[in-house]
Structure formats: C-alpha cells, structure tokens
There are 2 protein chains.
Amino acid sequence: MKTKFLLSLIAVLIAGSASAQVKPEDAIKYRQSGYGFMAWNMGRIKTNVEGGNFNKEEVIKAATAIQAIANSGMGALYLPGTDKGKGWEETRAKPAIWTDKEKLGKIAMDFNKEANEMAKVAATGDAAAVGAQLGKLGASCKACHDDFRIKH
Amino acid sequence: MKTKFLLSLIAVLIAGSASAQVKPEDAIKYRQSGYGFMAWNMGRIKTNVEGGNFNKEEVIKAATAIQAIANSGMGALYLPGTDKGKGWEETRAKPAIWTDKEKLGKIAMDFNKEANEMAKVAATGDAAAVGAQLGKLGASCKACHDDFRIKH
C-alpha cells in the first residue's frame with residue numbers, strides 16, 4: 001500500500017517535471033504564436049467575406065486552424081511566473097488572468113464555443129453566415145482583450 | 001458584355017488588393033507564429049511519449065493543432081518581398097524557397113502527409129505508435145530546416 005502510494009507520488013512528480021520542461025519565456029512565446037496565427041486566419045476570413053471573392057476552401061482552412069488552436073488547451077501556457085517576461089515580445093497578460101479565474105473561464109468557454117461554431121458555419125460555404133459568425137467570434141476575442149490584455 | 005467584363009476586372013482588382021493587405025512584416029510574423037505554435041505541440045507530444053504519463057486527450061489536441069496549421073496554406077505567407085525582413089524576429093527563410101519550388105513542394109507535401117498521419121495515430125491512443133510517428137513528422141520538419149531555414 002505504502003509502495004503503491006510512493007509510486008503514484010513519483011509518477012506525479014515525473015509528470016510535473018516533464019510539464020515544467022517548458023521554460024517561462026517559451027510558454028510566453030508559444031501563446032503569442034497561437035494568438036498570432038489566429039490573427040492571420042481571422043484576417044483571411046474577413047478578406048474573404050469583404051473582398052467580394054469568397055473562397056470556401058480557404059475559409060474552411062482558416063476556421064479549422066482557429067478551432068484547433070482554440071481547443072488546444074493554451075491555458076496550460078499560463079504557467080506560474082509567466083505574468084511577466086518576454087517571449088517574442090514582453091507579455092501583455094494582465095495579472096487578473098491568475099486571479100479572476102471565474103470570469104476568465106467564462107470568456108474562454110465563450111471563445112471556444114464561437115470558434116467551434118465558426119468551423120461549422122465555414123463548412124456551409126454561406127458567405128453571409130460566415131460574416132455574421134466572424135462578428136461573434138471577434139467579439140469573443142475582444143472580450144478577453146478588454147479585460148485581460150494590456151493595451152499597446 | 002463589356003460591362004460584365006469590367007465588373008469582373010474590378011472584382012479581381014479588389015480581391016488582389018485585399019490579399020495585398022497582408023504587410024510583409026505581418027506575413028513573416030504569421031508564419032513564425034505558425035511554426036512556433038507547432039513547436040509547442042511537437043514538444044507536448046514528445047513529453048507525453050517520453051514522460052511515462054501518456055495523456056491521449058492532450059496528444060489528440062496537440063496533433064489536431066499541428067494538422068490544422070500544416071493544412072492551413074501557409075505557403076501564401078511567402079509573399080514576394082518577404083525573403084528579408086522582421087516579423088517577430090528577422091526571417092530565417094533562405095532564398096531557395098523562392099527558386100527551388102520543386103524541392104520545396106516535395107518537402108511540403110511530405111510534411112502535410114506526416115502531419116495528417118500524426119492526427120490519425122494520435123486518435124488510436126497507442127503511445128508507441130505515436131512515438132514512432134512523431135519521429136517521422138520530426139524528420140519531415142528537419143528536412144525543410146536543413147535546406148530552407150538559415151541556422152542560428
């Protein structure tokens with residue numbers, strides 16, 4: 001029994017150290033990368049909706065990338081000690097990320113919901129519906145930026 | 001007839017200018033973001049395989065993100081004029097990207113194939129198979145780095 005407990009403890013510690021292999025500056029860089037890549041894909045969808053030349057396949061690719069990144073579990077990149085520091089650039093994360101978990105959780109869930117819906121709408125190829133859903137998805141991004149991201 | 005032709009021409013010009021809305025420095029930043037986010041997810045899969053604590057759901061999330069980015073059409077970010085310049089950092093793209101299209105195309109197709117296969121293998125939850133596929137996927141990344149990325 002004691003042995004089993006010790007083995008479990010060792011497993012947890014190993015898992016912990018494996019997870020801790022991500023350095024704080026890398027964690028910041030990875031999350032900035034995720035947001036940066038989503039920004040490109042939001043822009044592509046916008047261009048397709050507004051440019052008068054809607055390309056269904058491109059919109060699906062863009063929506064799929066946003067959805068996969070949104071569902072990837074980026075929360076794990078908000079490690080303790082990453083409230084300050086430089087990844088690609090100085091982090092713009094506000095301290096509230098580590099304190100206002102309830103509000104953050106709601107905003108994150110809403111963002112995931114809208115990203116999943118965006119992928120569904122993209123598959124229909126309906127440009128007007130894609131435009132409407134892009135507005136909802138963009139609003140869910142903005143909600144987080146307003147409360148949890150330092151303005152430039 | 002003439003009016004229809006002119007309207008088509010205008011549509012093409014608008015679409016062209018919409019596409020040109022991506023500034024060179026943004027295109028470089030977006031592609032660096034894509035590779036940066038894939039690097040995190042490659043690392044997560046590696047940790048799951050080697051850490052003695054395989055989490056199928058996390059591996060699926062990571063593989064799905066890599067797959068979606070691989071299939072997103074990042075080639076569009078290698079715009080003319082982005083062989084030099086700074087996104088998050090100075091681009092490490094070699095000039096051969098814009099000249100050796102045949103070799104680049106083969107490497108890119110191989111990478112897409114391995115990324116799609118990684119997502120399939122991840123879904124099985126077979127840690128050993130995931131480890132083997134990670135090796136193949138990593139090799140397809142390295143093939144591009146060797147020929148088309150400037151070393152640090």
Side-chain angles (χ1 to χ4, degrees), chain A residues 7-8 10-23 26-44 46-55 57-74 76-77 86-89 119, chain B residues 7-8 10-23 26-44 46-55 57-74 76-77 86-89 119:
Chain A
L7 285 174
S8 301
I10 289 165
V12 168
L13 290 173
I14 290 170
S17 83
S19 164
Q21 279 171 1
V22 177
K23 293 179 204 157
D26 287 338
I28 296 170
K29 184 182 277 193
Y30 293 148
R31 63 201 195 207
Q32 290 170 341
S33 294
Y35 298 125
F37 203 72
M38 288 195 286
W40 174 47
N41 287 289
M42 292 294 287
R44 290 166 92 190
K46 188 168 184 282
T47 299
N48 269 281
V49 169
E50 296 178 355
N53 190 22
F54 191 85
N55 181 327
E57 294 311 313
E58 187 182 16
V59 169
I60 289 174
K61 285 177 186 177
T64 302
I66 293 167
Q67 180 185 37
I69 295 171
N71 292 326
S72 67
M74 285 181 71
L77 292 171
K86 198 178 168 183
W88 290 115
E89 63 180 8
Chain B
L7 285 173
S8 301
I10 290 166
V12 167
L13 291 173
I14 290 171
S17 84
S19 166
Q21 279 170 3
V22 176
K23 293 178 205 158
D26 287 338
I28 296 172
K29 184 183 274 193
Y30 293 148
R31 62 199 195 205
Q32 290 170 342
S33 294
Y35 298 124
F37 203 71
M38 287 195 286
W40 174 47
N41 288 289
M42 291 294 287
R44 290 164 92 189
K46 189 168 185 280
T47 299
N48 270 279
V49 170
E50 296 176 357
N53 190 24
F54 191 85
N55 181 327
E57 293 312 313
E58 188 183 15
V59 170
I60 289 174
K61 285 177 186 175
T64 303
I66 293 168
Q67 180 184 37
I69 295 170
N71 294 325
S72 68
M74 286 180 70
L77 292 170
K86 199 177 167 181
W88 290 116
E89 64 181 8

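Convention: sequence-line order gives letters A, B, ...; per-chain numbering from 1. Computed over heavy atoms, backbone and side chain alike; hydrogens, waters and symmetry mates excluded.
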Check your understanding: Can you name the closest pair of heavy atoms from Trp88(A) and Glu89(B) and give their distance?
Key -> CZ3-CD, 3.7 Å
Point to revise | Spacing of OH belonging to Tyr30(B) relative to CG belonging to Asn41(A), to within rounding of 0.5 Å | key: 9.5 Å
Review point. Top residue by heavy-atom pair count (under 4.5 Å) with chain A, among Ile60(B), Thr64(B), Leu77(B), Asn71(B)?
Key: Leu77(B)
Review point. Which atoms of Ala62(B) come close to chain A, meaning under 4.5 Å heavy atom to heavy atom: side chain ones, backbone ones, both, or neither?
Key: neither
Revision key, fill the gap. Applying a strict 4.5 Å limit to non-hydrogen atoms, the region of Ala70(B) in contact with chain A is neither
**Study point:** Any side-chain heavy-atom pair of Phe37(A) and Ser72(B) under 4.5 Å
**Key:** yes
Check your understanding: If we only count heavy atoms from C-beta on, is the Ile69(A) to Ile69(B) side-chain gap below 4.5 Å?
Key -> yes
Point to revise | Test side chain to side chain contact (heavy atoms under 4.5 Å, CB included) applied to Lys46(A) - qualifying residues, sequence neighbours left out | key: Glu50(A), Leu134(A)
**Study point:** Ser33(A) versus Gly36(B), closest heavy-atom pair with distance
**Key:** OG-CA, 3.8 Å
Review point. So which pairs with a foot in residues 58-71 of chain B pass salt bridge (charged side-chain N to carboxylate O under 4.0 Å, His left out), sequence neighbours left out?
Key: Arg44(B)-Glu58(B)
Exercise for review: Heavy-atom distances under 4.5 Å only: say whether Met74(B) touches chain A with side chain, backbone, both or neither.
Suggested key: both
